[in-house]
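First the structure, in the form of structure tokens, and then the observations on it.
The analysis underlying the following values was restricted to heavy atoms, covering all of them including side chains, and did not include hydrogens, waters or symmetry mates.
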Amino acid sequence: MFKVVSNEVIAPQVHRMVIEAPRVASARQPGQFVIVRHCEGDERIPLTIADADAASGTITLIIQAVGDATAEIVSTPAGGVIRDVAGPLGEPTEIEKWGKGVCVGGG
């Protein structure tokens, strides 16, 4: 089980959740993601790791509640738990110094 440290609404149906996941926080690299499952038998949802703090053992996820599974995840209050957080997964983003850059993403 993974404890939800905070759950903040940052826009309609968009939450910033900080979750205790020490091994993920210490190993993650830019561009990687986790697979989150709220409860046993629920859908597995891939979510990008927005930030991590290895010292406190937490990761930050930005989640837009667009379906039943993501709505269930963001309904978890601070102090509640999430069943599974698996990761970090995926190839890290290669970052080079080329000057100024813009990163644009969309779901």
Side-chain angles (χ1 to χ4, degrees):
M1 298 290 194
F2 296 83
K3 182 179 176 184
V4 175
V5 175
S6 68
N7 183 350
E8 173 188 6
V9 177
I10 58 174
Q13 297 182 320
V14 180
H15 291 241
R16 177 186 300 120
M17 295 183 74
V18 177
I19 300 168
E20 286 183 357
R23 290 194 295 187
V24 176
S26 65
R28 72 91 180 155
Q29 294 180 30
Q32 290 189 303
F33 66 98
V34 290
I35 299 288
V36 176
R37 189 168 62 151
H38 187 258
C39 295
E40 181 73 33
D42 282 358
E43 181 179 359
R44 299 174 57 204
I45 305 295
L47 298 167
T48 300
I49 303 168
D51 196 11
D53 183 343
S56 67
T58 60
I59 60 171
T60 301
L61 306 174
I62 306 297
I63 306 168
Q64 183 175 10
V66 293
D68 292 341
T70 50
E72 208 172 304
I73 292 167
V74 300
S75 72
T76 307
V81 294
I82 291 178
R83 171 81 166 97
D84 296 313
V85 177
L89 303 168
E91 287 293 320
T93 302
E94 186 176 322
I95 300 174
E96 296 182 25
K97 287 196 170 204
W98 291 91
K100 292 184 180 180
V102 176
C103 181
V104 179

Completion exercise
Taking every heavy atom of Lys3 against every heavy atom of Val81, the minimum-distance pair comes out as CA-CG1, 4.1 Å
Exercise for the section: Apply side-chain contact (heavy atoms from CB on, under 4.5 Å) to Thr60 and Arg16, showing your working. Expected result: CA-CA 7 Å; Thr60 301; Arg16 177 186 300 120; 3.6 Å; yes
Handout entry: Atom CG of Asp68: over 12 foreign heavy atoms under 6.0 Å
Key = no
Problem - Glu40 side chain near Arg83 side chain, heavy-atom distance below 4.5 Å - result: yes
Practice task
Please examine the side chains of Glu72 and Asp42, heavy atoms only from C-beta on, and report whether any two atoms are closer than 4.5 Å.
Solution key: yes
Exercise for the section: Nearest 0.5 Å please: distance from the NE2 atom of His15 over to the OG atom of Ser75. Expected result: 8.5 Å
Exercise for the section: Output every pair passing side-chain hydrogen bond (donor to acceptor under 3.5 Å, both in side chains) with a member in residues 19-36, not counting sequence neighbours, ordered by first then second residue. Expected result: none
Handout entry: side chain to side chain contact (heavy atoms under 4.5 Å, CB included) against Arg44, all qualifying residues, sequence neighbours excluded
Key = Ile35, Arg37
Practice task
Mind listing the closest non-hydrogen atom pair of Gly57 and Ala25 along with its distance?
Solution key: C-CB, 3.9 Å
Exercise for the section: Return the minimal non-hydrogen interatomic distance between Phe33 and Pro46, and the atom names on each side. Expected result: CD1-CB, 4.1 Å
Exercise for the section: Write down the atom of Thr58, the atom of Ser56, and the distance for their closest heavy-atom approach. Expected result: OG1-OG, 3.0 Å
Problem - Glu8, CD atom: more than 12 neighbouring heavy atoms under 6.0 Å - result: yes
Problem - Val74: hydrophobic cluster co-members (side-chain, 4.5 Å) - result: Phe2, Val4, Met17, Ile19, Val24, Val34, Val36, Ile45, Leu47, Ile49, Ile59, Leu61, Ile63, Ile73, Ile82, Val85
